[in-house]
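Given the structure is predicted, the values throughout are model-derived calculations rather than measurements.
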Amino acid sequence: MIQVINGEIKQYKLPKTGTLSDGSTVSGYHLLDEETLKEEGWLPLEDIKPDYDIETEIVVVTGYDIQADKVVRVYEVRPIPVQEEYP
């Protein structure tokens with residue numbers, strides 16, 4: 001899950017201890033129910049890598065698409081960089 005507040009990503013991982021928007025500190029924050037987490041701005045992360053040729057290409061994370069009900073990790077497929085040989 002990823003926390004989104006005012007259209008910006010604030011946290012990439014649920015903390016074990018955290019502070020709710022009302023100011024109260026919660027131990028076991030990562031164990032809160034889904035509805036409370038949604039109220040605190042946490043959205044599920046959709047992380048689906050595109051198909052690519054493992055021999056000639058690599059997959060690079062280029063950003064995140066924040067939607068109303070989830071955050072989608074955006075990938076780009078690029079050619080494997082060619083390493084120059086030195087004498």
For this session: List, by chain and then residue number, the residues other than I80 in its hydrophobic cluster (Ile/Leu/Val/Met/Phe/Trp/Tyr, side-chain heavy atoms under 4.5 Å); write none if there are no others.
Result: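 Answer for I80: I58, V60.
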Is there a path of hydrophobic side-chain contacts, each under 4.5 Å between heavy atoms of I/L/V/M/F/W/Y residues, joining [Y] to [X]?
| X | Y | value |
| --- | --- | --- |
| L45 | V4 | yes |
| L20 | L37 | yes |
| V61 | V77 | yes |

Mind checking salt bridge (Lys or Arg N to Asp or Glu O under 4.0 Å) for [X] and listing every partner two or more places apart, or none if nothing turns up?
| X | result |
| --- | --- |
| E57 | none |
| K16 | none |
| E39 | none |
| E8 | K10 |

Exercise. Got a sec, which residues hit ring pair (Phe, Tyr, Trp, His ring centres under 6.0 Å) with Y12, two or more places apart in sequence or on another chain?
Worked result: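 Partners of Y12 under the ring pair (Phe, Tyr, Trp, His ring centres under 6.0 Å) test: Y64.
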Exercise. Please, which pairs that meet salt bridge (Lys or Arg N to Asp or Glu O under 4.0 Å) have at least one residue in residues 63-74, sequence neighbours excluded?
Worked result: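 Listed once each, the pairs are E46-K70, D47-R73.
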For this session: Return the set of residues passing side chain to side chain contact (heavy atoms under 4.5 Å, CB included) with T56 (not counting sequence neighbours), or none when no residue passes.
Result: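 For T56 the side chain to side chain contact (heavy atoms under 4.5 Å, CB included) partners, ignoring immediate neighbours, are D53.
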For this session: With sequence neighbours left out, write down each residue that passes side chain to side chain contact (heavy atoms under 4.5 Å, CB included) with N6, or none if nothing qualifies.
Result: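 In terms of side chain to side chain contact (heavy atoms under 4.5 Å, CB included), with neighbours along the sequence ignored, N6 is linked to no residue.
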Problem set entry | Heavy-atom closest pair, residues E40 and Q3 |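 Closest approach of E40 to Q3, heavy atoms only: O-NE2, 2.8 Å.
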Exercise. Does any non-hydrogen side-chain atom of M1 lie less than 4.5 Å from one of L43?
Worked result: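 Result no, sub-4.5 Å side-chain heavy-atom pair not found.
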Exercise. Does a side-chain heavy-atom distance below 4.5 Å link V72 with I48?
Worked result: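 Sidechains of I48 and V72: no contact.
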What side-chain donor-acceptor pairs closer than 3.5 Å can you find for residues 23-34, not counting sequence neighbours?
{"residue": "S24", "atom": "OG", "partner": "D22", "partner atom": "OD1", "Å": "2.6"}
{"residue": "Y29", "atom": "OH", "partner": "W42", "partner atom": "NE1", "Å": "2.9"}
{"residue": "D33", "atom": "OD1", "partner": "T36", "partner atom": "OG1", "Å": "2.9"}
{"residue": "D33", "atom": "OD2", "partner": "E35", "partner atom": "N", "Å": "3.2"}
{"residue": "D33", "atom": "OD2", "partner": "T36", "partner atom": "N", "Å": "3.0"}
{"residue": "D33", "atom": "OD2", "partner": "T36", "partner atom": "OG1", "Å": "3.2"}

Exercise. Is a side-chain donor or acceptor of E76 paired with a backbone partner of V59 at a separation under 3.5 angstrom?
Worked result: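 Here the side-chain-to-backbone pair does not exist.
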